[in-house]
Protein chains: 2
Amino acid sequence: MTTGYDPRAFPPFAVTVDLALFTIRNGVFTVLLVERGGEPFAGAWALPGGFLLESEDAATAARRELAEETGVDVAAAGVHLEQLGTYSAPDRDPRMRVVSVAHVALAPDLPEPQAGTDAARARWWPVGELAPGRSDQGPQLAFDHALILADAVDRVAAKLEYSTLATRFVPPTFTLGELQAVYEAVWAVPLDRANFRRKVLSADDMVRPDGGDPRLTAGRGRPAALYRAGRATTLNPPLLRPAP
Amino acid sequence: MTTGYDPRAFPPFAVTVDLALFTIRNGVFTVLLVERGGEPFAGAWALPGGFLLESEDAATAARRELAEETGVDVAAAGVHLEQLGTYSAPDRDPRMRVVSVAHVALAPDLPEPQAGTDAARARWWPVGELAPGRSDQGPQLAFDHALILADAVDRVAAKLEYSTLATRFVPPTFTLGELQAVYEAVWAVPLDRANFRRKVLSADDMVRPDGGDPRLTAGRGRPAALYRAGRATTLNPPLLRPAP
DNA sequence: CTAATAGTGTCTGTTAGACATTATCCT
DNA sequence: AGGATAATGTCTAACAGACACTATTAG
């Protein structure tokens with residue numbers, strides 16, 4: 001962008017957005033995939049996504065695709081959406097030159113998705129079954145989506161350390177046990193309950209007690225106090241993953 | 001990328017890369033800007049960059065532009081290059097729809113740049129003079145480059161905490177005082193010399209003594225031992241910014 | 001009662017920040 | 001000597017991990 005060259009003289013690209021939408025279902029870290037209807041990669045599973053329109057930026061396109069393919073209104077449902085990165089290998093789409101701006105989205109547990117107009121079918125897949133180097137389970141992903149997904153998983157795992165994003169995986173009102181289950185599912189490690197509690201409660205404004213008196217809810221064993229997400233977005237001090 | 005739709009049926013975009021190339025010059029955190037020759041924003045200062053070619057991905061284009069506009073060979077000079085993010089507001093280029101993949105590059109102190117074929121002029125600017133909300137000094141930047149630059153500065157400052165990137169700002173052989181000066185320049189805070197030393201030397205494999213016996217070099221006062229960058233890329237434990 | 005989950009208290013080794021002290025050069 | 005920079009040592013408060021103990025529910 002440094003010269004007076006006419007951009008119309010330069011090669012045209014198609015620009016898409018791809019979405020890695022994560023949630024926790026029954027304590028399992030899962031991602032939404034859609035089954036492709038047409039070529040290339042017909043029948044393969046892929047991240048949801050679509051083409052950028054003339055009038056919108058990438059974030060807007062990502063929100064639109066999310067709504068179209070899952071029926072989720074990002075603004076309403078407290079879904080977190082952020083840009084992950086752009087994938088631009090020349091041969092990533094066999095048809096022509098397509099550059100994709102990948103995004104990561106986090107949502108609390110959603111109902112089984114309604115396939116939109118675009119996707120033939122959509123379903124949630126446990127992230128663990130799609131791990132790289134595991135051809136035993138899970139599908140092969142279309143395009144470079146295995147790479148995008150791996151980067152997205154890394155991003156989410158890293159962000160839990162120094163942000164309050166874990167609260168986006170739980171309902172508006174939640175227990176500390178549920179919040180801990182998010183960390184354990186994403187990081188795939190067990191955490192000490194007492195220490196987790198101490199860190200979350202001493203962190204800046206990550207969670208607040210729900211209502212005046214902490215109400216109690218049922219379950220198995222002693223009922224747990226309920227909390228809501230605080231206003232902080234960055235987590236001070238951070239909640240670091242245990243060393244392997 | 002979920003359907004069989006023909007990408008050729010969708011709106012074409014021009015795709016560019018923009019580069020925020022940082023270095024430390026005389027202890028000052030600086031960024032390379034070029035003066036635009038043509039419209040729009042003729043005469044304004046901008047981040048170096050250019051159009052993506054048909055046959056290359058964004059990282060390759062960024063390396064090529066870096067070489068063209070600064071004469072720096074990324075591979076040879078140990079320059080660090082990473083993708084920052086993609087900027088896609090519909091009106092970011094008044095001529096037509098241009099999506100830009102921004103990158104961050106870090107280099108040791110380089111000679112005053114040779115303006116390449118593209119850029120009318122190029123020079124290093126202290127980052128502090130370009131801070132947002134400072135119309136008193138420094139130029140207004142073309143396009144959305146002030147936003148990109150602000151994001152790039154945030155990225156670099158954050159990355160110093162948990163990566164070994166600071167070693168990319170110094171020559172292959174350096175003293176701990178020089179390394180500390182990098183942190184102090186980027187973060188704009190003074191650090192305790194003894195504690196900095198302890199953390200850097202106890203970190204995993206951030207630095208190694210140069211040669212067998214730590215040689216000494218001249219200066220003013222006691223000569224300092226020389227070090228080289230270690231093989232680690234992530235910094236364990238991290239070196240956190242002091243709280244404000 | 002037991003099982004199960006929630007919540008609190010405490011001990012110990014490590015670390016961060018602050019700062020004093022010693023070392024080695026130059027003029 | 002005196003100034004300047006490098007390197008090391010030490011003290012203390014805070015924190016992390018580990019784990020024991022108490023509390024409240026269901027069955």
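Computed over heavy atoms, backbone and side chain alike; hydrogens, waters and symmetry mates excluded. Every chain is numbered from 1 and lettered A, B, ... according to where its sequence line falls, protein lines coming before strand lines.
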Closer than 4.0 Å, any side-chain N/O of [X] to the OP1 or OP2 of [N]?
| X | N | value |
| --- | --- | --- |
| B/Arg197 | D/dA6 | no |
| B/Arg220 | C/dC26 | no |
| A/Lys199 | D/dC15 | no |

> Quick one: are A/Arg123 and A/Trp45 in side-chain contact, heavy atoms under 4.5 Å?
Replying inline: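 They are in side-chain contact.
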Distance check needed: [N] [atom2] versus [X] [atom1], whole Å only.
| X | N | atom1 | atom2 | result |
| --- | --- | --- | --- | --- |
| B/Leu201 | D/dT8 | CG | C1' | 11 Å |
| A/Leu179 | C/dT5 | CG | P | 18 Å |
| A/Gln180 | C/dG7 | CD | P | 11 Å |
| B/Asn195 | C/dA16 | CG | P | 9 Å |
| B/Phe174 | D/dA6 | CZ | P | 14 Å |
| B/Asn236 | D/dA16 | CG | P | 16 Å |
| A/Arg222 | C/dT5 | CZ | P | 14 Å |
| A/Leu239 | D/dA16 | CG | P | 9 Å |

> How do B/Ala243 and A/Glu178 order along DNA chain C: which one's closest nucleotide is nearer the 5' end?
Replying inline: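 Its nearest nucleotide being more 5', the pick is A/Glu178.
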> When you check the side-chain N and O atoms of B/Tyr87 and B/Asp18, is any donor under 3.5 Å from an acceptor?
Replying inline: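 Judged by distance alone, the side chains do not pair up.
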>> Looking at every heavy atom in both B/Ile24 and B/Val186, which two are closest together, and how far apart are they?
In response: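 That would be CD1-CG2, 4.2 Å.
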> Parallel, tilted or perpendicular for B/Trp187 and B/Tyr183, by the 30°/60° rule?
Replying inline: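 Because their plane-to-plane angle is over 60°, the rings of B/Trp187 and B/Tyr183 count as perpendicular.
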> Can you find a donor-acceptor N/O pair under 3.5 angstrom joining the side chain of A/Arg198 to the base of C/dG9?
Replying inline: no
>> With side-chain contact (heavy atoms from CB on, under 4.5 Å) as the test, pick out the partner of B/Tyr227 among B/Leu176, B/Asp210, B/Val170, B/Thr167.
In response: B/Leu176
> Of B/Thr30, B/Leu32, B/Val104, which meets side-chain contact (heavy atoms from CB on, under 4.5 Å) against B/Phe22?
Replying inline: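 When B/Thr30, B/Leu32, B/Val104 are each tested with B/Phe22, the side-chain contact (heavy atoms from CB on, under 4.5 Å) holds only for B/Val104.
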> What are the residues of residues 186-194 of chain B, sorted by number, that bring a heavy atom to within less than 4.0 Å of DNA chain D?
Replying inline: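 Under 4.0 Å from DNA chain D: B/Arg193, B/Ala194.
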>> Test side chain to side chain contact (heavy atoms under 4.5 Å, CB included) on A/Arg231 and A/Arg208; report intermediate values, then the result.
In response: CA-CA 9 Å; A/Arg231 304 194 60 178; A/Arg208 300 171 174 183; 3.1 Å; yes
> Which of the following nucleotides, D/dG17, C/dC25, D/dA23, is nearest to the side chain of B/Pro223?
Replying inline: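 Among the listed nucleotides, the one closest to the side chain of B/Pro223 is C/dC25.
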> Is it true that a side-chain atom of B/Ser88 and a backbone atom of A/Ala58 form a donor plus acceptor pair closer than 3.5 Å?
Replying inline: yes
> Would you say A/Glu65's side chain and A/Pro48's backbone share a donor-acceptor pair under 3.5 angstrom?
Replying inline: no
>> Let me test you: for the helix from C/dC1-D/dG27 to C/dT27-D/dA1, what is the angle between the axes at its two ends (five pairs each), rounded to 10 degrees?
In response: 0°
